[in-house]
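Computed from a predicted model, the values in this text were never measured in an experiment. The analysis underlying the following values was restricted to heavy atoms, covering all of them including side chains, and did not include hydrogens, waters or symmetry mates. Each ligand, and each atom within it, is numbered from 1 in the order the structure gives.
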Amino acid sequence: MPEFFRSRAGRQCLSIMALGAALWISATLLDVDSWLVSFMSRFENYGADKFVLALGIAGAMSFIYSVLRIADLRKEMLLRDAAQARADWTATHDHLTKLPNRYAFERKILPKPADKGGNIPEEAKSNVTIFSVDLDGFKKVNDLVGHKGGDVLLVEVAKRICALGNADCVYRFGGDEFIIIALGMTAAREEWFAKVLIQAVTRPILIDGFAVEVGASVGYDRWSEGAEPLEDAAHRADLAMYEAKSRGPNHQLIFEPSMQDKVTERASLETKLRGAIQNKAIKTYYQPLIDLRSGRLCGFEALARWTDEDGMNIPPPVFIGIAEETGMITELFENLLTQACSDALAWPDDVRLSFNVSPVQMEDKLLPSRIFKVLAASRLPARRLEVEITENALVQDPAIAAHILDELHKAGVQIALDDFGTGYSSLAQLARYRFDKIKIDKSFIATCREDEKQEKIVRAMLALGRSLNIKTTAEGVEEHAQLAYLLQLGCDIGQGYLFGKAMPAAEAGIFVESQNTSLASIA
Ligand code: C2E
Ligand code: CA
Ligand code: CA
């Protein structure tokens, strides 16, 4: 009620009531009643009594009206307050999990130490630790049980985190990222809690009859209250989480300054990469692919090489990874493919160009047309191009991947399944798509002669290729003994340092010239 009287409408009502009260008091003080009696008896003949009666009724009605109006206005105020509270809640909460969101975090809606019932040791009372949690493999869950299933999982994860006694405040920062504020933790307790968080999140969740599991990466750091904004501590917790994620699923790490250095370094590398792509400073090198039965060169795999301005060789997985994350991969791909197609024109007609397509590109519907454009411009026949894709590239968006492979196949481009055996659902992928080649990952070739289990896997992969009528390439052949062994098992193509490392276009030309004599001697 006092709230109401502070509002504009409330103040108006108060004024009316005050006016009424003032009239009444002045009437009493000035003896208005006796004056009225004499006035009415004097003017009885003119019906003044009726006039005064009418005035009285009007006054009473005004009073009733004011009371009703006050009630109405109060109701309106309550409705408005409720709507405001709802709007506030919507702005500061996530609808799915009902947890507070990033905006609430920025507005520092924090728990008070007193809420913890005074169980905190005195020295730890001002400790505020921020934990950043990001799910690992959440996208796969969406693929498996759909987006509704993914929502169910997020709600369950939120419940599990909230149920942990030490999670004083839990926020969903969007997607599969959660921030937790915990108060009064010692260093040992923080580490323990990070592990507990992972355990809680990674327990299987039953969705539509599937027992679904996700991983979790956790990073954390203390907030120096008073010395920095809360967001700074959350940023450090995020950096620690990213570092934990880079070590594989279900890791937890406390922030260290070197993590910030890594991010700064990465940002500078990203700038350099942008320049290198624009200046076409990244070159394609070519590694020979050898037909093991004939010993003849049957192709070259194009491998990107980047030596920066300081003469440093940046490894392809590093700069390809950055190009993928920053959306520069398409431009880089088009540059390199253009270079490679023009180099391949100088090779014999039966020597194919193998070109790597990154998983991110397999989500780009326009990929076939981009490839056809480069082929047309360079006049390299489509049948001389082979694209290498990894199994992981097929799981991001299987429908688009199928469309891309179909278009490429129709045009006569060959498809090779790269790094076979290292991704997921290999056999399922083989059955679903048409591949012309499978490339057995070098990790199997390196150990197959010493490790019986690896040997059995290599044998099985080669047998699988034969039964499906798909050619097999062994990657990473480094020793003569490996070559002899692969020949004996019936592998079709070999690639590795034994035959040659990736070399610049000019050297590849010389390799083509000399291959007849030199390869006959290797075999
Ligand atoms: P990948 O497609 O599996 O390429 C083969 C990698 O194995 C190359 O590493 C090659 O140098 C290396 N290699 C070849 N023979 C041997 C051997 O006998 N022993 C050993 N230990 N290694 C051998 P590289 O060039 O560092 O490339 C690494 C990965 O980077 C490639 O793996 C590929 O996934 C990616 N990559 C390279 N160039 C490109 C590119 O132009 N586009 C895309 N999307 N990815 C590329
Ligand atoms: Ca490859
Ligand atoms: Ca490979």
Using a strict threshold of under 4.0 Å (side-chain N to carboxylate O), is an ion pair present between Asp221 and Arg236? yes
Distance-only, no hydrogens or angles: does the Asn250 side chain make a donor-acceptor pair with backbone N or O of Ala216 under 3.5 Å? yes
What protein heavy atom sits nearest atom 30 (O) of ligand 1, and how far off is it? Pro316 CB, 3.7 Å
Identify, by atom number and element, the atoms of ligand 1 in contact range of Gly476, meaning under 4.0 Å from any of its heavy atoms. 16 (C), 17 (C), 18 (O)
Determine, counting only non-hydrogen atoms of the protein, whether one lies under 4.0 angstrom from atom 19 (N) of ligand 1. yes
For atom 9 (O) of ligand 1, state whether the nearest protein heavy atom is under 4.0 Å away. no
Closer than 4.0 Å and a protein heavy atom, does any atom meet both conditions relative to atom 2 (O) of ligand 1? yes
Contact with ligand 1 for Lys439, non-hydrogen, under 4.0 angstrom: no
Compare all side-chain heavy atoms of Ile282 with those of Asn335 and state whether any distance is below 4.5 angstrom. no
Heavy-atom pairs closer than 4.0 Å: do any link ligand 1 to the side chain of Thr390, the backbone, both, or neither? neither
Can you report which non-hydrogen protein atom sits closest to atom 40 (C) of ligand 1, along with the distance? Ile320 CD1, 3.8 Å
Which of the atoms of ligand 1 are close to Asp419, meaning less than 4.0 Å from one of its heavy atoms? 3 (O)
With carbon and hydrogen excluded and only N/O/S kept, which atom of Glu475 is nearest the Ca ion (ligand 3)? OE2
Region of Leu336 engaging ligand 1 - heavy atom pairs below 4.0 Å: side chain
Sub-4.0 Å atoms of ligand 1 with respect to non-hydrogen atoms of Ser358: 44 (N)
Would you say the side-chain atoms of Gln454 and Thr447 include a donor-acceptor pair closer than 3.5 Å? yes
Run the side-chain hydrogen bond (donor to acceptor under 3.5 Å, both in side chains) check on Gln495 and Lys439 step by step: do they pass? CA-CA 9 Å; Gln495 176 181 11; Lys439 296 187 77 174; 2.8 Å; yes
So, for atom 35 (C) of ligand 1, does the protein have a heavy atom nearer than 4.0 Å? no
Look at the rings of Trp347 and Tyr286 and say which category their plane angle falls in: under 30° parallel, 30 to 60° tilted, over 60° perpendicular. perpendicular
Indicate if the distance from the Ca ion (ligand 2) to the nearest N, O or S atom of Ser354 falls below 3.0 Å. no
Looking only at N, O or S atoms, find the one in Asp419 nearest to the Ca ion (ligand 3) and name it. OD1
Just distances here: any N/O of Gly496 and N/O of ligand 1 closer than 3.5 Å? no
Any idea which protein heavy atom is nearest atom 16 (C) of ligand 1, and the distance to it? Tyr497 CE2, 3.2 Å
Assess, by modelled atom type and distance only, whether the side chains of Asp261 and Thr264 contain a donor and an acceptor separated by less than 3.5 Å. no
Are any N, O or S atoms from Asp441 nearer to the Ca ion (ligand 3) than 3.0 Å? no
Taking atom types as modelled, is there a side-chain donor on Thr307 or Asn313 under 3.5 Å from an acceptor on the other? yes
To which protein heavy atom is atom 29 (C) of ligand 1 closest, and what is the distance rounded to 0.1 Å? Pro317 CG, 4.2 Å
Could you walk me through whether Asp238 and Met241 pass the side-chain contact (heavy atoms from CB on, under 4.5 Å) test, one step at a time? CA-CA 5 Å; Asp238 272 349; Met241 181 273 288; 4.2 Å; yes
In terms of atom number and element, which parts of ligand 1 are under 4.0 angstrom from non-hydrogen atoms of Glu301? 2 (O), 4 (O)
Which atom name would you report as the N, O or S atom of Glu388 nearest the Ca ion (ligand 2)? OE1
Determine whether Leu292 and Phe499 make a side-chain contact, defined as any pair of heavy atoms from C-beta on separated by less than 4.5 Å. yes
Run the side-chain contact (heavy atoms from CB on, under 4.5 Å) check on Ile198 and Gln252 step by step: do they pass? CA-CA 8 Å; Ile198 294 176; Gln252 85 283 338; 3.8 Å; yes
For the Ca ion (ligand 2): the N/O/S atom of Asp418 at shortest distance: OD2
Between Arg296 and Asp291, does at least one N-O distance fall below 4.0 Å, as a salt bridge requires? no
Please determine, by modelled atom types, if Ser217 and Asp134 share a side-chain donor-acceptor pair under 3.5 angstrom. no
Closest by any non-hydrogen atom to atom 25 (O) of ligand 1: pick that one out of Gln495, Arg305, Glu475, Glu324. Arg305
Under a 3.5 Å threshold, yes or no: a donor from one side chain and an acceptor from the other, between Asn392 and Thr390? no
With a 4.5 Å cut-off on side-chain heavy atoms, are Leu253 and Phe255 touching? no
Which residue holds the protein heavy atom closest to atom 38 (N) of ligand 1, what is that atom called, and what is the gap in Å? Ala304 N, 3.1 Å
In ligand 1, which numbered atoms sit nearer than 4.0 Å to a non-hydrogen atom of Glu478? 17 (C), 18 (O), 19 (N), 20 (C), 21 (N)
For Glu301, the N, O or S atom at the shortest distance from the Ca ion (ligand 2) is OE2
Lys442 to ligand 1: N or O pair under 3.5 Å? yes
Taking Lys245 for its side chain and Leu135 for its backbone only, find out whether a donor-acceptor pair lies under 3.5 Å. yes
